[in-house]
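Only one structure is covered here, and it is reproduced in the block below.
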Amino acid sequence: MAAPRGLGALLLLLLLLLLLLLLLERHTEKPRNVCLEHNYEDSYDTLNLGDRAECFTKCGWSESGPCDVGNLQRYWLNYEAHLVEKSGSETVDMPFVKALIRNFRADTEEDLLFSLQPAQIPRQVTKDEDKPPDRVRLPKSLFGALPGNGSVVRLAVTVLDIGPGNIFKGPRLSQDDGSRVLNNHLVGLSVGHTPVTRLAEPLEIAFSHQRLSPVSPWRHLGAGGRVGPTGDWSSKGCSTEPGAKGTVCRCDHLTFFALLLRPVLDQATAKALKHISRAGCGVSMVFLAFTIGLYVALRLSRQRFKSEDAPKIHVSLSASLFLLNLVFFVNLESSSKVSDATCGARGAVMHYFLLCVFTWMGLEAFHLYLLVIKVFNTYFGHYFLKLSLVGWGLPALIVVGAGSANSYGLYAIRDLENRTSLELCWFRDGTAVHALYVTVHGYFFSTFLFSAVVLALVAWKIFTLSSATAGKERGQNRKGVLTVLGVSSLVGATWGLAVLTPLGLSTVYAFTLLNSLQGVFIFCWFATLYFPGQSSTASSSGTGRVDRAQSTSHE
């Protein structure tokens with residue numbers, strides 16, 4: 001009897017050890033990672049939907065844990081087809097997804113309009129109601145164009161909240177770039193697995209948002225339609241019409257849609273541009289100081305030089321540009337650490353010298369017009385004194401007017417995560433934006449347009465003269481090109497690149513680099529014209545003819 005009892009005790013001990021091992025294995029088992037699972041088909045119950053929705057946050061750009069983004073995106077793309085083909089309900093109301101699923105007659109006689117408020121289930125809007133700010137309009141021709149002969153079409157309208165992660169963001173909307181999907185919401189339209197493309201009449205989707213002004217930290221990339229579960233957003237087949245309070249997108253196909261935004265100045269770009277500006281402006285200030293020093297030396301050594309107007313205008317432009325660069329250097333550092341009054345004063349001083357630069361560039365163009373285009377009957381008493389009153393006085397009047405309206409203060413550009421990309425003492429946000437439009441944008445475009453017209457006329461004159469004397473003097477075309485380049489540095493041709501900056505970052509970098517080196521270009525032109533060893537060559541070669549024309553009669 002002892003042996004069976006011992007055997008029973010041994011079996012009981014083995015059973016207890018086995019249970020202990022099972023408990024330990026279960027305790028040490030890794031937690032389930034739904035963001036990596038591949039078997040998604042037909043798993044659209046509430047529990048599975050909630051698990052997959054958590055991946056919107058877990059699969060962020062800074063997340064070290066693995067996520068199968070392609071499969072997750074395929075899961076949500078197929079979810080729309082599931083709603084149309086297999087779901088018996090007409091609505092879905094979850095925090096991360098709102099959907100309306102309904103049958104419509106294929107021969108409907110009017111367009112269908114749906115409200116897309118993110119916090120509400122999409123609903124059909126009658127023609128008697130006011131148009132909601134977020135909406136989709138489906139043309140009646142869409143239903144008749146669907147393949148098949150069915151009299152009823154089952155449609156799903158979905159609003160999906162994708163959160164801050166990287167699902168449905170694609171390479172172009174990476175965090176490094178700072179781009180984003182407006183409000184992190186996608187709008188899905190589906191009639192099942194049937195692809196609907198090349199509609200004769202496009203559907204319309206309206207996205208509401210705050211006004212995106214030229215000084216807003218965001219600009220449109222456009223409407224996006226996802227063409228595949230792993231591809232990037234594509235605007236093919238879509239067009240956008242920005243408005244004051246929203247953007248209307250028109251597309252010729254059904255899929256997921258979003259309004260894509262891109263920051264004007266993200267943190268990485270702002271840092272790079274600041275480095276380029278510091279280096280360029282520092283070099284420019286050195287050469288501008290050389291220009292002013294050379295002018296002083298020539299004025300002391302040449303009696304005739306005192307009576308010429310052109311070098312006085314050049315050195316006035318150089319002085320205003322030197323002071324603008326100096327103020328910019330001071331303003332770029334620690335703007336947020338100064339008091340409101342000090343910051344307002346800095347903004348006013350920077351605004352003043354910026355307007356002085358614009359004004360003196362316009363006066364350079366005016367002087368060129370008198371010398372090259374008008375030529376005759378150009379006598380003005382106290383000519384340079386009058387130019388100085390305009391060049392230094394007009395900007396002062398504008399700044400006093402803007403300052404009286406309390407326009408100056410701290411200006412900050414922030415990125416997607418509300419981090420400050422750049423701070424300057426400049427125009428305040430809000431009501432001061434209108435003053436910025438008029439006194440900076442409007443003032444610049446007026447002077448630049450005048451300068452561009454004069455530069456074009458001067459270039460035409462120079463190359464007409466070159467063709468007339470081609471048989472007498474060789475290399476006239478090359479000298480004419482050098483002359484136009486030199487004159488363009490005086491009238492601010494590099495500032496014209498500001499018009500092209502909305503085209504992309506490459507033009508922003510080109511504008512920053514070339515514009516910060518304007519002082520170098522001015523010195524090279526000034527030295528070519530007036531440096532003692534080059535003056536005779538310049539005047540005889542034609543390089544200096546435009547600038548060295550007789551201007552003493554203006555005094």
Side-chain angles (χ1 to χ4, degrees), residues 73-74 76-81 83-85 99-116 122 124-125 127 131-160 162 168-170 172-173 179 181-183 185-209 219-243 246-262:
Q73 291 174 167
R74 189 178 295 110
W76 291 105
L77 286 168
N78 292 335
Y79 176 58
E80 278 202 319
L83 290 177
V84 173
E85 297 173 352
L100 174 69
I101 312 99
R102 189 168 296 175
N103 294 329
F104 295 94
R105 292 182 56 86
D107 59 351
T108 180
E109 297 182 353
E110 59 183 22
D111 298 342
L112 299 183
L113 185 67
F114 298 91
S115 172
L116 300 176
Q124 187 175 2
V125 180
K127 61 181 180 180
K131 289 183 179 180
D134 294 270
R135 62 187 182 276
V136 58
R137 182 188 67 83
L138 301 178
K140 58 184 179 182
S141 58
L142 180 151
F143 300 96
L146 294 176
N149 298 319
S151 59
V152 176
V153 176
R154 190 163 176 82
L155 172 72
V157 182
T158 308
V159 178
L160 184 63
I162 60 174
F168 279 116
K169 296 298 176 68
R172 289 185 66 194
L173 301 184
S179 303
V181 174
L182 178 70
N183 298 327
H185 285 104
L186 308 186
V187 175
L189 301 170
S190 176
V191 291
H193 283 291
T194 304
V196 179
T197 59
R198 298 183 180 180
L199 296 173
E201 185 179 357
L203 58 95
E204 291 183 357
I205 306 175
F207 298 92
S208 65
H209 52 71
R219 65 169 175 259
H220 296 287
L221 276 181
R226 182 162 290 279
V227 295
T230 59
D232 196 9
W233 288 99
S234 172
S235 59
K236 183 178 180 181
C238 293
S239 62
T240 56
E241 182 183 331
T247 296
V248 177
C249 305
R250 296 179 177 86
C251 299
D252 65 356
H253 55 280
L254 300 185
T255 182
F256 272 122
F257 300 95
L259 186 65
L260 311 181
L261 299 176
R262 181 178 183 178

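Note that this is a predicted model, so its numbers are computed, not measured. Every heavy atom of this structure was used, including side-chain atoms; hydrogens, water molecules and symmetry mates were not.
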Qualifying residues under ring pair (Phe, Tyr, Trp, His ring centres under 6.0 Å), relative to Phe143, sequence neighbours excluded | none
Which pair of non-hydrogen atoms, one from Pro122 and one from Val159, has the smallest distance, and what is that distance?
-> CG-CG2, 4.0 Å
Do Val125 and Lys131 pass the side-chain contact (heavy atoms from CB on, under 4.5 Å) test, and can you show the C-alpha distance, the side-chain angles, and the key distance before you say yes or no?
-> CA-CA 8 Å; Val125 180; Lys131 289 183 179 180; over 6 Å; no
Which pair of non-hydrogen atoms, one from Ala156 and one from Leu83, has the smallest distance, and what is that distance?
-> CB-CB, 4.4 Å
For residues 186-199, the salt bridge (Lys or Arg N to Asp or Glu O under 4.0 Å) pairs (sequence neighbours left out) are none
Backbone N or O of Phe168 within a donor-acceptor pair of the Gln73 side chain at under 3.5 Å?
-> yes
Distance col, row Leu112:CG vs Leu142:CG, nearest 0.5 angstrom, shows 9.0 Å
Rounded to the nearest 0.5 Å, how far apart are CG of Leu259 and CD1 of Ile205?
-> 10.0 Å
Quick one: list whatever passes side chain to side chain donor-acceptor pair (under 3.5 Å) with Glu85, sequence neighbours left out.
-> none
With sequence neighbours left out, write down each residue that passes salt bridge (Lys or Arg N to Asp or Glu O under 4.0 Å) with Arg105, or none if nothing qualifies.
-> Asp107
Non-hydrogen atoms of Val187 and Leu116 that approach each other most closely = CG1-CD1, 3.8 Å
Taking C-beta and beyond as the side chain, do Phe114 and Leu155 meet within less than 4.5 Å on heavy atoms?
-> yes
Do the cysteine sulfurs of Cys238 and Cys251 sit under 2.5 angstrom from one another?
-> yes
Is it true that a side-chain atom of Arg250 and a backbone atom of Ser239 form a donor plus acceptor pair closer than 3.5 Å?
-> no
Residues forming a side chain to side chain donor-acceptor pair (under 3.5 Å) with Thr158, sequence neighbours excluded = Glu80
Which heavy-atom pair separates Val191 from Val84 by the least distance, and what is that distance?
-> C-CG1, 3.7 Å
Between Phe257 and His253, what is the ring plane arrangement, given parallel below 30°, perpendicular above 60°, and tilted in between?
-> tilted
Side-chain donor-acceptor pairs under 3.5 Å in residues 133-140, sequence neighbours left out?
| from | atom 1 | to | atom 2 | distance (Å) |
| --- | --- | --- | --- | --- |
| Asp134 | OD1 | Ser208 | N | 3.1 |
| Asp134 | OD1 | Ser208 | OG | 3.3 |
| Asp134 | OD2 | Ser208 | OG | 2.6 |
| Arg135 | NH1 | Pro132 | O | 2.8 |
| Arg137 | NH1 | Asp111 | OD2 | 2.8 |

Nearest-0.5 Å distance, CG of residue Asn183 to CD1 of residue Ile162 | 10.5 Å
